[in-house]
Amino acid sequence: MNRLFVAGCVVVLAACQGKGGEKKAPEPSGGGVRMGVQKERPKIGGLGEKRLAGAGTDLRATADGKIVTVLLDAEKPRLEGVPQPMRLGVLWAVPTAGGEPVKLGNGVTNMPGGQLFSKDSRWAFFLAGYNAAQQSGELMAQDLQDLKTERQRLGGAVTYVVPSDDSKRVAFVDDGVLKAGPLPAGPFKPISGEVATADFAPQSGMLYFRRRVSAGGGLFQASLDDDKRPPKKLTDQVGDYELSKDGGRLAWTARETASTPRFELFTADATALKPQKLADSVLRFQLSPDGKWIVWVQGDTPTEPGELWLAAADGAGAKKIGERVNDYAFAADSTRLAFRQKFHPVSLVGEQVERVGELMLVSLPDGAVTSVQKNCANFVFSPDGKHLAFGGSVFKPAFSRDLYLLKAGAKDPVKLKEWIYEYAFAPGSDRLFFRADCTREGRACLLYSVDPTAAEAKPSQEADSVYNFRLSHEGARVAFTYAHTQGDLYDVSVLNLKTKERKTIEQDVKLPILFLEKDGSRLAYLVADKARAGVYVGSQVP
C-alpha cells in the first residue's frame, strides 16, 4: 500500500583517469553542497553528470523519473536500541533533467516511514527532525512540480502518513490523532484519537482506520465527503485488514478480547458493511487482485506453517487446499494461485538450512489443484500472471538450486539452469533473467536471460561477473553491477538488450541504480569516491 508507517520482483536463492578538474558552481540555497557537472573522469566509465555533490545515501526516484531525493551527511542516531541501518541526514530533491537541487529538510530518516512520493509523482512527504525514540517527526509536503514553492507543514509529531491514490487528499496520525484533508494545505480535520494505521479507498472519499490495541483496536470506516456522518465501527480487537483494489470488499481478522490469542477472519461488502465470519485461528490472509477470491492460513502458531483455505471473497465455497503451507501468491490476472505446502527445513553443511516445500498450483475459478515441484525453494509469477518461475533444491548426489519455468498454457515445467542465485521477470513479462555459475560466494555470476514465450526456452548469456541487476520498465535495457573485492562499492554497466551494445557507466557506486525513463535511456546513482562523491545522472547509455 502507498503509505508511510513508522516502526523490485527479484527472488533470491542464496544469502542472494584523464587530466583536468571539476568545474565548480555556486552553492545552492541551504549551503553545504555544490551543484555542477563532473568533468574529471575515472579510467573506466564516468559517463554521468554530477547533479549534487556530497556523501549521499538512500537514493530514491519518483515514478516519472523527474526527481530524485537523497540524504546527505547521514549518521546513525546516538541512541541505544535503534536499528543498525537507521540514519538521519539532510534531505535534498534533485531535478534529473537539470536545475538547482533544493534542500527539503534536516533530520530525515532512511527508515520506512521517513519519506514517501505520491503515486502521480506530484508530492513528496517526509518527516523532518525525526525523533528516533518516539518514531515521529514533523510532517512536511513538497510540491515536486515546482521546487521553488514553500513546503507545507502538515503535522508536528507524525507517526503514519498515507496519501490517496488520486493525490487529492492525505491522511496522517499526529500525536495519535488521525487527521485528513485536501492537498496541499488542508484543512486537516481530526477524525479519531489513538489511531495506529489508515488507508484510503480508491476513490479517496472513504477512509478506513484501525485504532491502537490499547484503545480497543477497533476498525472504522469514515466518509470524508460527508462531515455529518460519524465514523462507523465494524468491530474491535482487529489484527489486520485489507481493502480490495476496487474498494468493493473489505477483509479483516479480529479476536474476542485483547487476551484472546487467536484471530477470526471476516469479510464484508464495503457498502453494506455486514460482517460475515469465514474462519477461526487465522494467521494471515489475502484478497486476489480482482477482489473475487480470498485465501487464508489457519493454525495455532504464527511462526509455523498451517492449513491453506480458499473461498470466494464473500466466503462461499470455502475449502482446504493445502497442509503445512508457508507462503502463497495470486497471479496478477487472478487466474491462478501458487503455494508451497508440506513446508520443512533440510540440514545442509554445517549449520546451513534449506527451507523447502511442495509447489502447488490452483486454477481459478474451477479450483483444481496440481503439484508442480517437490523441494521448491521459492517461486514468482511473471508480472502479467501468465508464467511461473521457481527454484528447486536438489540434495543428491550433491546440493544444487535449479531454476524451472512453467510457461503459459504448459502442463510441465522446463529446467533452465543449475546452481542459480536469483531471478526476475522483465516488467513486460517477455524475458526471464537470472544469475548462475557464480564465484566469490555469489558476488560474481554469469547473467542469463530466456524468452518464456519461445517454443524452446533456451537461456542466452548476457554478461559475466555480475553481482546485481536491474531491468528498465520496458525491458529494453539492463543495468548490472560488478562487486569490488572488498567493501560495498560497485562498478555499473548498462546493456542494450536489442543492439547488444554495452557500456561501463561508472565506478565506485553505491546501490541502488535507478532507471529514470521507461526505456532505460537515463539512470541515477550515487558515487561514493570522496573526490567525486554525489548524485549523478547518466544519459550516455547504449
Side-chain angles (χ1 to χ4, degrees), residues 1-7 109 111-116 118 123 125-141 152-183 185-243 247 250-258 263 266 268 270 273 275:
M1 296 180 180
N2 190 30
R3 62 191 184 191
L4 274 161
F5 185 27
V6 181
T109 182
M111 298 300 288
Q115 309 167 50
L116 178 67
S118 60
W123 299 97
F125 303 93
F126 59 93
L127 302 181
Y130 185 75
N131 185 320
Q134 301 296 325
Q135 298 184 2
S136 66
E138 185 179 27
L139 178 60
M140 309 295 292
Q152 297 288 334
R153 182 186 183 276
L154 308 186
V158 175
T159 55
Y160 183 95
V161 183
V162 56
S164 61
D165 288 349
D166 57 14
S167 296
K168 293 181 179 180
R169 290 181 167 106
V170 64
F172 54 92
V173 178
D174 187 1
D175 198 21
V177 177
L178 176 64
K179 301 177 182 179
L183 286 166
F188 301 108
K189 298 180 180 180
I191 297 175
S192 178
E194 298 294 311
V195 172
T197 64
D199 287 289
F200 281 98
Q203 295 75 25
S204 84
M206 199 70 72
L207 186 67
Y208 295 86
F209 64 91
R210 179 173 58 85
R211 302 190 75 195
R212 295 173 179 172
V213 175
S214 59
L219 179 62
F220 293 79
Q221 182 194 69
S223 173
L224 301 182
D225 294 328
D226 186 357
D227 292 339
K228 297 181 179 180
R229 175 184 165 184
K232 182 176 181 179
K233 184 168 69 172
L234 280 72
T235 187
D236 285 320
Q237 300 300 331
V238 171
D240 197 7
Y241 64 95
E242 180 182 353
L243 184 67
L250 183 68
W252 68 92
T253 55
R255 54 188 177 179
E256 292 184 359
T257 67
F263 287 85
F266 298 85
L273 289 181

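- The existence of a salt bridge linking Arg169 and Asp225 is confirmed by a sub-4.0 Å separation between a basic side-chain nitrogen and an acidic carboxylate oxygen.
- Of all non-hydrogen atoms in Tyr160 and Ala198, the two that sit nearest each other are OH-O, 2.6 Å.
- Distance CZ/Arg210 to OG/Ser192: 12.5 Å, rounded to 0.5 Å.
- Contact detail for Ser204 and Leu224: the closest heavy-atom pair is O-CD1, 3.8 Å.
- Looking at every heavy atom in both residues, Thr159 comes nearest to Ser136 through CG2-CB, 3.8 Å.
- No donor-acceptor pair closer than 3.5 Å links the side chain of Tyr130 to the backbone N or O of Gly114.
- Under the 4.5 Å side-chain criterion, counting only non-hydrogen atoms from C-beta, Leu207 is in contact with Leu178.
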Residues Leu183, Phe125; criterion side chain to side chain contact (heavy atoms under 4.5 Å, CB included); working and verdict: CA-CA 11 Å; Leu183 286 166; Phe125 303 93; 3.9 Å; yes
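- A donor-acceptor pair under 3.5 Å links the side-chain atoms of Asp174 to the main chain of Gly156, judged by distance alone.
- A perpendicular orientation is assigned to the rings of Phe172 and Phe188, their planes being inclined by more than 60° (bins at 30° and 60°).
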Side chain to side chain contact (heavy atoms under 4.5 Å, CB included) evaluation trace for Gln237 with Glu256: CA-CA 7 Å; Gln237 300 300 331; Glu256 292 184 359; over 6 Å; no
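- Environment of CG in Asp166: crowded, with over 12 heavy atoms of neighbouring residues, nucleotides or ligands closer than 6.0 Å.
- Listed here is the closest heavy atom pair of Leu127 and Gly113: CD1-O, 3.3 Å.
- Under a 3.5 Å cut-off, the side chain of Gln221 and the backbone N or O of Pro231 do not form any donor-acceptor pair.
- The residues Asp227 and Lys189 are annotated as salt-bridged, a charged nitrogen and a carboxylate oxygen being separated by less than 4.0 angstrom.
- Salt bridge annotation for Arg212-Glu194: present, with a cationic side-chain nitrogen under 4.0 angstrom from a carboxylate oxygen.
- Looking only at atom types and distance, the side chain of Thr197 has a donor-acceptor partner in the side chain of Tyr241 under 3.5 Å away.
- The side-chain heavy atoms of Leu234 and Leu250, taken from C-beta on, include a pair separated by under 4.5 Å.
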